[in-house]
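The structure appears below as structure tokens.
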Amino acid sequence: MKPFSYALAIGLATAQIATSALALDITGAGATFPFPVYSKWAEAYRKETGNGLNYQSIGSGGGIKQIQAKTVDFGATDAPLKGEALTKDGLVQFPTVMGGVVPVVNIAGIKPGEIKLTGEVLAEIYQGKIRKWSDPKIAKLNEGVKLPDAPITPVYRSDASGTTNIFTTYLSDVSPAWKSELGASTTVSWPAGQGGKGNEGVTAVVKQVPNAIGYVEYAYAKQNNLPVALIQNKDGQYPMPGDEAFQAAAANADWKAAPGFGISLTNQPGAKAWPITAATFILVHKTSADAARTAEVLKFFRWAYKNGDKLASDLDYVPLPDKVVGQVEDEWKTVVGKDGKPVLAQ
């Protein structure tokens with residue numbers, strides 16, 4: 001299957017370039033998880049400031065590599081780097097929004113929220129141990145639902161992916177067998193199924209393949225009208241995914257518990273909590289070779305924190321709590337130019 005390639009290029013039109021010589025475009029690359037909200041923010045920011053964002057939705061692994069290589073102004077990842085990696089590469093990491101990863105299915109006659117799965121059953125599907133929708137373990141959870149006696153095609157990310165890291169972290173939380181055999185990472189050795197590049201690619205494959213199941217960021221499921229399967233949470237409930245369920249998962253999060261705010265929000269307690277909830281993160285160099293460009297990155301996300309909440313909520317992302325935004329902006333004071341001065345002061 002031909003790989004999918006997507007890029008966000010929201011810059012200045014020719015007329016705007018002519019009238020705004022001071023406008024500055026910034027470049028970023030990485031996670032596909034936040035692509036819909038970064039797209040909306042960039043469009044609104046351009047209209048308000050004249051400055052553009054060129055963001056390549058290439059997956060978290062690619063974003064990390066590009067910021068390490070200093071080929072972009074910022075990298076984006078859903079798999080937060082640990083403290084030692086941040087220190088090694090001289091990076092500052094901060095979250096932007098929260099959202100949820102959801103299983104989506106393509107089964108004739110099945111509506112959103114009509115199928116229920118446990119984390120253990122979902123793990124066994126992706127391990128290739130449960131191979132048909134008529135399997136007794138699935139049937140027991142879905143009495144009264146007409147499921148086909150058809151093979152399941154699990155669809156996974158073929159690229160290094162923060163969404164995969166979130167998904168496999170959850171599966172490792174709920175399935176000892178998954179944890180010992182495959183573990184949590186941006187890439188794993190998938191035992192069964194078919195790959196797709198990016199959230200966009202997984203969405204496309206699920207839409208094309210009858211009886212497939214995939215995992216994508218919730219905005220992709222919603223925008224593409226893909227039926228979501230409900231997942232049993234830690235309290236034994238099956239909440240519908242959405243901003244309320246994602247907020248419930250993050251309600252008691254201790255954001256300063258890990259360097260770079262790199263906490264896990266999967267499998268959190270709470271009757272309304274969606275079990276595969278996560279934050280997405282930005283990476284910038286702690287010492288910038290181009291203070292003006294790094295300052296513009298921070299200005300863009302400062303604008304997004306202040307003005308982008310409704311745009312995020314409309315796409316069912318969850319804005320960060322004000323307290324966390326304050327902690328992030330304090331962290332920005334450590335980002336300096338070659339002269340050692342904070343870039344936002346220049």
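Heads up: numbering here begins at 1 and tracks the sequence.
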What are the two closest heavy atoms between [X] and [Y], and how far apart are they?
X      : Y      : answer
Leu230 : Gly113 : CD1-O, 3.6 Å
Ser172 : Gly183 : OG-C, 3.4 Å
Ala273 : Pro239 : O-CG, 3.4 Å
Phe33  : Gly100 : CZ-N, 4.0 Å
Thr277 : Ala245 : OG1-O, 4.4 Å
Gly63  : Ile58  : N-CD1, 4.0 Å

task = Apply side chain to side chain contact (heavy atoms under 4.5 Å, CB included) to Thr168 and Tyr215, showing your working.
result = CA-CA 10 Å; Thr168 56; Tyr215 58 92; 6.0 Å; no
Is the backbone N or O of [Y] less than 3.5 Å from a side-chain atom of [X], with the two atoms forming a donor-acceptor pair by type?
X      : Y      : answer
Asp235 : Gly270 : yes
Ser180 : Ala177 : yes
Asn142 : Lys116 : yes
Tyr220 : Thr32  : yes
Thr87  : Glu84  : no
Asp25  : Gly52  : yes
Asn51  : Tyr45  : no
Asn106 : Ala212 : no
Trp274 : Ala248 : no
Gln194 : Val205 : no

Crowded around [X] [atom1]? As in, over 12 foreign heavy atoms under 6.0 Å?
X      : atom1 : answer
Lys256 : NZ    : yes
Gln223 : CD    : yes
Asp330 : CG    : yes
Asn224 : CG    : yes

ask   = Is Leu53 reachable from Leu298 through a run of hydrophobic residues whose side-chain heavy atoms are each under 4.5 Å from the next?
value =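 Same cluster.
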inquiry  = Please say yes or no: joined through hydrophobic side-chain contacts below 4.5 Å, possibly via intermediate residues, are Ile64 and Val92 part of one cluster?
reply    =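 They do not share one cluster, since no chain of ILVMFWY contacts under 4.5 Å joins Ile64 to Val92.
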task = For side chain to side chain contact (heavy atoms under 4.5 Å, CB included), just list the numbers for Val174 and Lys179, CA-CA rounded to whole Å, side-chain angles, deciding distance to a tenth of an Å, and then say yes or no.
result = CA-CA 9 Å; Val174 297; Lys179 185 175 183 179; over 6 Å; no
Assess the side chains of [X] and [Y]: does a donor N or O sit below 3.5 Å from an acceptor N or O?
X      : Y      : result
Glu200 : Ser57  : yes
Thr266 : Asp173 : yes
Thr280 : Asp78  : yes
Asn165 : Ser60  : no
Thr96  : Tyr38  : yes

How many angstroms lie between atom [atom1] of [X] and atom [atom2] of [Y], to the nearest 0.5 angstrom?
X      : Y      : atom1 : atom2 : result
Ile138 : Leu147 : CD1   : CG    : 7.0 Å
Lys146 : Glu114 : NZ    : CD    : 12.0 Å
Phe246 : Tyr317 : CZ    : OH    : 9.5 Å
Leu141 : Ile115 : CG    : CD1   : 10.5 Å
Asn233 : Thr118 : CG    : OG1   : 12.0 Å
Leu24  : Glu296 : CG    : CD    : 5.0 Å

ask   = Among all residues two or more places apart in sequence or in another chain, which pass the salt bridge (charged side-chain N to carboxylate O under 4.0 Å, His left out) test with Glu181?
value =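 Per chain and number, Glu181 pairs via salt bridge (charged side-chain N to carboxylate O under 4.0 Å, His left out) with Lys129.
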query = Pick from Val105, Val202, Val206, Val102: which one makes a side-chain contact (heavy atoms from CB on, under 4.5 Å) with Leu226?
reply = Val206
query = Hey, what's the ring geometry for Phe94 with Tyr305, parallel, tilted or perpendicular (30° and 60° as the breaks)?
reply =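 The arrangement is perpendicular - the two ring planes meet at more than 60°.
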message = Just to verify, which of His285, Arg293, Gln66 counts as forming a side chain to side chain donor-acceptor pair (under 3.5 Å) with Asp73?
response = Arg293
request  = Flag the pair Glu329 and Arg302 as a salt bridge only when some basic side-chain nitrogen lies within less than 4.0 angstrom of an acidic carboxylate oxygen.
outcome  =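 No salt bridge links Glu329 with Arg302.
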query = Thinking salt bridges, do Lys132 and Asp135 make one under a 4.0 Å N-O criterion?
reply =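 Looking at Asp135 together with Lys132, the answer is no, because their closest N to O distance does not fall below 4.0 Å.
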inquiry  = For a side chain to side chain contact (heavy atoms under 4.5 Å, CB included) check, start with the C-alpha distance between Phe300 and Ile26, then their side-chain angles and the critical distance, and finish with the verdict.
reply    = CA-CA 9 Å; Phe300 172 80; Ile26 53 175; 4.0 Å; yes
query = Does anything in residues 131-161 pair up under ring-ring contact (aromatic ring centres under 6.0 Å, His included), and if so which pairs, sequence neighbours excluded?
reply = Tyr156-Trp190
ask   = Checking side chain to side chain contact (heavy atoms under 4.5 Å, CB included) for the pair Phe167/Tyr126: CA distance, chi angles, key distance, verdict?
value = CA-CA 11 Å; Phe167 185 64; Tyr126 271 88; 3.8 Å; yes
